[in-house]
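Heads up: numbering here begins at 1 and tracks the sequence.
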Amino acid sequence: MLITGLIIGLLVIGLVLGYLVRQHKHRQELMAVQAQARDIIAQATEKAKKQVTKLQADSRHDTLAYQQSVKDELTEQQSDIAVREQRRQQREQLLGQMAVRLDDQTAMLDERSQANRDQRQAIHLLHDQATTLREDREKTLADRAELDAKGAQDTVLQHTELELKRDRDVEIKALNDNAVASAERWAKDVVLSATESGPQDLPKEHMEHTVVVPNGEIRSKIIGRDGQHIRLLETLTGTDLIFVPDDNTTLFISTHDPIRREVARVALTNLIASRRISANQIETQVENAQRDVNHSLWETGEQTVSLLHVGWMHPDLMKLIGRLKYRTSYGQNVLLHSIEVAQLTGAMAARLGYNTRLARRAGLLHDIGKAIDHEVEGTHVEIGTEFAQKYGEDEVVINAIAAHHGDVEKTSPLSDLVAAADAISGARPGARSESVEDYINRLRALEQIANEQTGVAESYAIQAGRELRIVVKPQELDDQAAANLTKEVAKQIEDKLTYPGKIKVTTIRQLAAVEYIGDEKKKKKKRKKKAANE
């Protein structure tokens, strides 16, 4: 029993000691876990503080950037508002000037109306007097010539018709003389009014001939292995792609067709943006570019027709109008030129009382042949006339297209208005320009034609190529030969060169005979005598 009690006591003591040991171990583990938890909380707190600091810095940077962009946008808007305000003031000034001119014209018309009323009253008075005189003459003739009333009336009518015919001829001649005298002034007034009120300033679009390649890697991809990619691009677009020798990042697009150039430019731009350049990708991008450019042509034509209010037009003609966007003539965009001609023609037609819609339509289509004159044989006048007939345009529009360069006779006043508007649009300052290289080549070509003639000592192209002065050798050419030389040079310039405006050819022949007498002769004798003595 004692041993059993001892064993039980030992078991109880062991259980108590084990419980105490487990409790101690549990407290240690709990303390370790709490310490680890505190460390995790401290790390999380520190990380959260860093993230909050970073977010605050990023937010501050974004706020400052947004404030700066808002300030820049406000500055740009203020600048735009200032420009618009200046244009508005100019418009108001122009409207004020037009109002003054309208008041002057109204006063002039009132004066003419009053003069016409006075003339009508005088005519009525003269008519009454003529009636009285005719009756008296009929009565006198009947009494003296013993004519009946019918015979006397016939005689009086014959004399009256002769007098009225003479008066009518005199009046018609006076009206014709007055019309001839005032025609030039009236025409200038109409053109000035149309120029002031007709055309609207439109933004000029610069047609790019180059594409910028961002780096050498993209350049290598565009060229491809052994030049496969760039040759594929040239084949699909029908252009020549040439990297500028001094700048490997500039790719020049060479072609005579502006539409092909635009397709190549759009395709290359999309390829560079995607940075995925392969044979399949090139074919896909060229097809997309062709589709986008064709849609842009039709959309541009539709917007132009809607802008000018010329009525319904065949879709093919609208597409041709869109092609004019990529066509230039002496540096002037042909689409903007056609819109300006349409506006000028419409303004002048409105002033003269003609059909303004038909006038604007004729002005818009007058250069339509330039859209495809590099693809179809013939001049742009012939091509434009053919297309206008094909799509059923009005005969007035067809004649305006055919006659705006004087190739055929003008059959409508609107044809004269279109020709005048075309000359105004092309001749106004800043409308046309040419590159420095073309300018220098044109001057050299002028001088070369002159220098190739027999008897020419030297020639000079002056006044920006608008005048060619030729100095001939007086010993070889007389005055008549110099005149014939001038005509020959002018003819060759007209046949061989393309030039804007007019060129004046001036030939100068001057013979100067010089002889010295006096001191110079004595000095020569002294020098000879001195040489002989030596």
Within-4.5 Å side-chain heavy-atom neighbours: [X] and [Y]:
X: Leu352; Y: Pro413; answer: no
X: Arg469; Y: Thr506; answer: yes
X: Ile503; Y: Glu494; answer: no
X: His405; Y: His380; answer: yes
X: Leu297; Y: Tyr326; answer: yes
X: Gln86; Y: Gln90; answer: yes
X: Glu262; Y: Lys325; answer: no
X: Arg361; Y: Asp394; answer: no

Identify the residue among Gln97, Arg91, Gln89 that makes a side chain to side chain contact (heavy atoms under 4.5 Å, CB included) with Gln93. Gln97
Between [X] and [Y], is there a donor-acceptor pair closer than 3.5 Å when you use the side chain of the first and the backbone of the second?
X: Arg509; Y: Pro474; result: yes
X: Asp422; Y: Val418; result: no
X: Asp367; Y: Lys370; result: no
X: Asn270; Y: Gln285; result: no
X: Glu467; Y: Lys504; result: no
X: His404; Y: Ile401; result: yes
X: His309; Y: Arg357; result: no
X: Ser306; Y: Glu302; result: no

Is the closest side-chain donor-acceptor distance between [X] and [Y] under 3.5 Å?
X: Asn484; Y: Gln480; answer: yes
X: Thr411; Y: Asn399; answer: yes
X: Arg291; Y: Asn288; answer: yes

Please assess His366 against His337 for the test ring pair (Phe, Tyr, Trp, His ring centres under 6.0 Å), listing each intermediate value before the final yes or no. CA-CA 10 Å; His366 81 286; His337 165 69; 5.2 Å; yes
[X] to [Y] - nearest heavy-atom pair and separation:
X: Glu447; Y: Ser459; value: O-OG, 3.4 Å
X: Thr356; Y: Gly346; value: CG2-O, 3.7 Å
X: Gly238; Y: Thr255; value: O-OG1, 3.7 Å
X: Ala362; Y: Val397; value: CA-CG1, 4.0 Å
X: Thr507; Y: Val472; value: CG2-CG1, 3.7 Å
X: Leu414; Y: Ala359; value: CD2-CB, 3.8 Å

In sequence, state the C-alpha distance, the side-chain angles, and the governing distance for Leu232 and Gln228, and then conclude on side chain to side chain contact (heavy atoms under 4.5 Å, CB included). CA-CA 6 Å; Leu232 179 60; Gln228 292 178 354; over 6 Å; no
Would you give the length of the straight line joining atom [atom1] of [X] to atom [atom2] of [Y], rounded to the nearest 0.5 angstrom?
X: Leu317; Y: Lys319; atom1: CG; atom2: NZ; value: 12.5 Å
X: Arg444; Y: Asn451; atom1: CZ; atom2: CG; value: 13.0 Å
X: Ile218; Y: Ile223; atom1: CD1; atom2: CD1; value: 12.0 Å
X: Ile272; Y: Lys221; atom1: CD1; atom2: NZ; value: 11.5 Å
X: Leu109; Y: Asp104; atom1: CG; atom2: CG; value: 11.0 Å
X: Ile259; Y: Arg323; atom1: CD1; atom2: CZ; value: 4.5 Å

Can you tell me if [atom1] on [X] sees more than 12 non-hydrogen neighbours from other groups inside 6.0 Å?
X: Glu85; atom1: CD; answer: yes
X: Arg84; atom1: CZ; answer: no
X: Glu92; atom1: CD; answer: yes

Does Leu241 form a side chain to side chain contact (heavy atoms under 4.5 Å, CB included) with Ile222? I'd like the steps, not just the answer. CA-CA 10 Å; Leu241 304 179; Ile222 291 175; 5.8 Å; no
Decide yes or no on side chain to side chain contact (heavy atoms under 4.5 Å, CB included) for Gln343 and Leu308, but give the supporting numbers first. CA-CA 8 Å; Gln343 292 170 340; Leu308 297 175; 3.9 Å; yes
Salt-bridge present (Lys390, Glu386; N to O < 4.0 Å): no
How far apart are the C-alpha atoms of Thr304 and Thr300, what are their side-chain angles, what is the distance that settles it, and do they pass the side chain to side chain contact (heavy atoms under 4.5 Å, CB included) test? CA-CA 6 Å; Thr304 303; Thr300 300; 4.2 Å; yes
